[in-house]
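Worksheet: the structure to be examined is printed underneath.
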Amino acid sequence: MAAPPPPSPDPQFVLRGTQSAVHALHFHSGAQGQGCPLLFSGSQNGLVHIWSLQTRRVLTTLDNHGGQCVTWLQTLPQGHQLLSQGQDLRLCLWDLTEGRNAVVDFVHLESMGFCRGSTLAMGQQRWTLAVPGKGTDEVQILEMPSKTSVCTLKPEADAKPGMPMCLELWQADSSSRPLLLVGYEDGSVALWDISQRKVCSRVACHTEPVMSLDFDSQKTRGVSGSAEKALAVWSLDEQQALQVCRTHEITNPGIADVKIRPDHRILATAGWDHRIRVFHWRTMKPLAVLAFHSAAIHCVAFANDGLLAAGSKDQRISVWSLYTQT
Amino acid sequence: MAVFDTPEEAFGVLRPVCVQLTKAQTVENVEHLQTQLQSVSDSALQELQQYILFPLRFTLKTPGPKRERLIQSVVECLTFVLSSTCVKEQELLQELFSELSACLYSPKSQKPAAVSEELKLAVIRGLSTLMHSAYGDIIVTFYEPSILPRLGFAVSLLLGLAEQEKSKQIKTAALKCLQVLLLQCDCQDHPRSLDELEQKQLGDLFASFLPGISTALTRIITGDFKQGHSIVVSSLNVFYKTVSFIMADEQLKRISKVQAESTVEHRVAKLMVHREADWVKSTGGKLTILIKKIIECVSVHPHWKVRLELIELVETLLLKCSQSLVESAGPLLKALVGLVNDESPEVQAQCNQVLRHFAGQKVVVGNRAFADILSENLHSLATSLPRLMNSQDDQGKVSSLSLLLGYLKLLGPKVNFVLNSVVHLQRLSKALVQVLELDVTDIKIVEERRWNTDHLSASPKTSAMRPWSQVQRRYFRFFTDERVFLLLQQVCQLLGFYGNLYLLVDHFMGLYHESVFYRKQAAMILNELVIGAAGLDVEDLHEKHIKTSPEELREIVTSILEEYTSQENWYLVTCIKTEEMREELTLKQPGFQAITSGAHNTCQATSLPAFSKPSPTICSMNSNIWQICIQLEGVGHFAYSLGEDFRLLLMSVLYPVLEKAGDRTLLISQAATNSMMDICHACGYDSLQHLINQNSDYLVNGISLNLRHLSLHPHTPKVLEVMLRNSDASLLPLVADVVQDVLATLDQFYDKRASSFISVLHALLVALAQWFPDTNHVGQPQEHTAEKEESHLNQRILENNATTAEDIEYFLLSYLKEKDVADGNVSDFYNEEEQSKPPEVDEKDTGPDVEPPLPVQIQIATDVMERCIHLLSDKSLKIRLKVLDVLDLCVFVLQSHKNQLLPLAHRAWPSIVQRLTNDDPLAVLRAFQVRVT
């Protein structure tokens, strides 16, 4: 039945109406089965839209970033709390319980960069937050919700890695020491031991700034994308030394975001070339190039049930069901 | 008249008369007595009863031949006495009974005596009165075994009369009397109800007559229809009363196995029947034969009262004798069920009431035997249904289907037992599918639903020309009667209501997939199943039945809809692709310019036969059209059954439906419009506009995705067009979004599909012009003039074939003017441009230095205009004209933003001039010119 050249895959649906470039996406699969799954999107004009994936419409719009671009969205593991980071130098904590949408707290940021924050749950109520720090090359670690500053991670004077571009907090299953992966402006990825406040290892992955990275703590492997035409896959050995395993060439330069699916099987990248690329995570075999957007893609996000969303400068969010494509 | 209250006075008066009568037994004397009696009060008469009766009885008893007239008057007098007194002595009762019965007996023959009808009537009335006048207890003791022979004689006498007499009066009276005799009279004179023991005794006694009574009555009932309905009604009445009394489950329960030692003499004992199990069984069997006969005959009786009585019969027998007459239960239920859809509303109502009563009392469901019987019946009906549907005429189909419907109603939730059997489900579905087969060979033009004139469906292009255009009424191959279809609908709905929906939907989905032949029918059935499952139109006989939950229903509907709207089931070939071929043809022959949007069609219609393939293709196209219509109707039904819940499904359904609303086949577009109406109602939208407006985000999604595969979805631009026409300014951001897609796609397909895109762009700019009327100009009137001009132009071109002198004149005139413009006005234009610049600058001075971002609509118009400039040189005249229209509108929208307009106009100018000098149809240019200045 299908026409000889199989039609290129379509997104399952497209969310329109942000009226501004989309910079951050985050899925939230309704807690404890109650409520429908949600998708949060943060856009250039400072608004955070909450989409119902059931009706595919905006449920609520959150506006507290003074019209400045929202760069990062993250829900906290405990309940309906949303973190939003904006370029107005504020990190807002929203309470979304039972349809509320009020800012309960905010953290004042000291750096204006593009670097997105990262969180790590430390206990029932406590969590650690990593955000770019005051100095251009610093990363600040905060303990939340008390907002006490734990430390500031500043690279050694001679390293000059430039600004931190992306952060990833994680914790090995075996130890309780939080670790932080930082992608720097000079294209290197560094692993920080937060408790010792020192760099465990640092490896140069790219020649251009690292735009994003994601880390698979099971396989202790990570992937990073930069402004250049390559993806770098690196791994971490027992001595906590980073090694570049391989680089993967892609056709067009510029990876704005890279995400590994929660089941650690595939990963998706957001390309400046308007395309989403999907790779097999273990083999890095390219699986699909999803062409839909008409402008650079800023972010990708995976839902727990396998949906993939991509937000682009063309103001649209495309949602893809990857299982049906295979 | 003087009334003699005291017995003494009365005696004084009556005595001479009685003596006189005893002496000379003449009619006159009897009549004299009767007149005298009328003046005696009831109480006095009671005292003197014996005395008065004596001469009368004496007259009857005197041996020797008597004149009939005398007997008749004596009997009448006797009846009078009895009617106002009561018999208190058993002996008297017995004697009177035998004496009266003897009146009609001729010793010579076995048959009732050949006496006058009046006498017969008098005797019957006498007997009836006698039984009524019997005093309470006496009547019970009267029915002792020893009376059996005499009673038997009377009964057979009455039956004989009822059966053989000609007079309707006698027949009715005889039946009535029989009823009295068997103590089943329904009049008020028997206040005392019998206790259980008495009932049993009477039952034992009457059991002997059962064979005689039942056969004779059956003969009467199944007799000629012409004998009048009242006879049949009362025979039925007597029949079921007698049978239900003798065969009553309650009595039979208490009958002991061993016959009690009878005290009666041997001769009588032989006549007695002991109603033990074997007897009940054999009698039940025999009665079943009779009951079947009766039902067969009566259920088609032309008079509705008879059928009404049949319902009564069924009800009584089923309620009272469900165990003893277990074999008859099947036919009885069948009769009842068959009458559910009787043509008489009284019968229908009664029947429904009885059914509801049964269901409510759990007579059927609570009783295993009944449920088994019903399932059994349903089984056998399901088995024979395919054959019946094949062979029967419409009337037969109606009755078979009513029967099916009735069974379903009665069985209620238990219908699943039958459905769970694969064989039976298959049989049933085979029958349904078979009978629902549509006639696709020829679809006549019959207008059933109103043609909706709202502009959604008004794509006036083809409509009138297709042979299969405007039908919503279906033609079935195997029946023509509308009632059959209604019944089928009901059957499916009930199945959906009571049956296991998952099972049914699964089964019919299977059929849907199995073959193209079943697809339409299966879809029809599925549609009805869902309606039924929602339980909106079904009256529930079984209160405790749990309906399918809304969530489940929604799931099911979603899966069905997915199937309906899938590529291979939704996009079927419904018309020969001449349009496309034509278009290409015109592209290849630029000289063939007479074909314009209007003329195009006539041309195509005439060339249609040449292009069309032989009739089988027409058949399959018809079939495809029907299938789409049915599926569209299904969408409407689903919306109806889900109500507001359907809103969630709109995101996947609205686009395909809207696409079909713009279909060229009128039938389909009609069905689609109807289904959108249904959706509006179900989801609480005021109008189609509202519906489209509220859900355009879903539509835009579909549009933009389909634009990516334009070759697969060639109708997408049309949907957008419709959407644009029905939306308002609030949708601008969405529109802007999708317009980008449209333009991008247009850039890819300049050559092939430009025309459909141009019309979208046209619609878009019309919309923009409406949404943002320019405050500086009087927007609307200009709009109108533009439209008028445009339509005028189109019309002119349309009429090109039949050019009139006037047209030519007009054409030439305008051509000259255009030429004028082309030659002379170019410089004017530049001048004007220069002139218009200074104020522009002023404006800029007053405004902010940094130019604010352009409003979205202006951006769109600019983009569109850009494209138009390229398309101006398209090879097809049609497109060129359209492009000019669009340009016109662009200019209109942009007129307040000279900064954008002027450079563009400047760029457009050369190609416009090109048009102007090399082409003819450039009246539009004038409009353009007017706008620029």
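The structure displayed is predicted, hence computed values, not measured ones. Just so we're on the same page: letters track the sequence lines, and every chain starts at 1. Because only heavy atoms are used, hydrogens play no part in the values below, and waters and symmetry mates are left out as well, while side chains stay in.
The number of heavy atoms from other shown groups lying within 6.0 Å of CZ (A:F27) is above 12. For NZ of A:K313, the number of neighbouring non-hydrogen atoms (other residues, nucleotides, ligands) closer than 6.0 Å is 12 at most.
Note: B:D697 CG to A:R56 CZ = 10.5 Å, rounded to the nearest 0.5 Å. Of the inter-residue distances, the one linking B:M651 atom CE with A:R57 atom CZ reads 7.5 Å to the nearest 0.5 angstrom.
With a threshold of 4.5 angstrom between heavy atoms, A:Q19 approaches chain B through side-chain atoms but not through N, CA, C or O. At a 4.5 Å heavy-atom cutoff, A:S294 makes no contact with chain B through either its backbone or its side chain.
Side-chain polar atoms of A:R316 and B:N701 form no donor-acceptor pair below 3.5 angstrom.
Taking the ring-ring contact (aromatic ring centres under 6.0 Å, His included) definition, one finds that B:H690 meets it with B:Y685, sequence neighbours left out.
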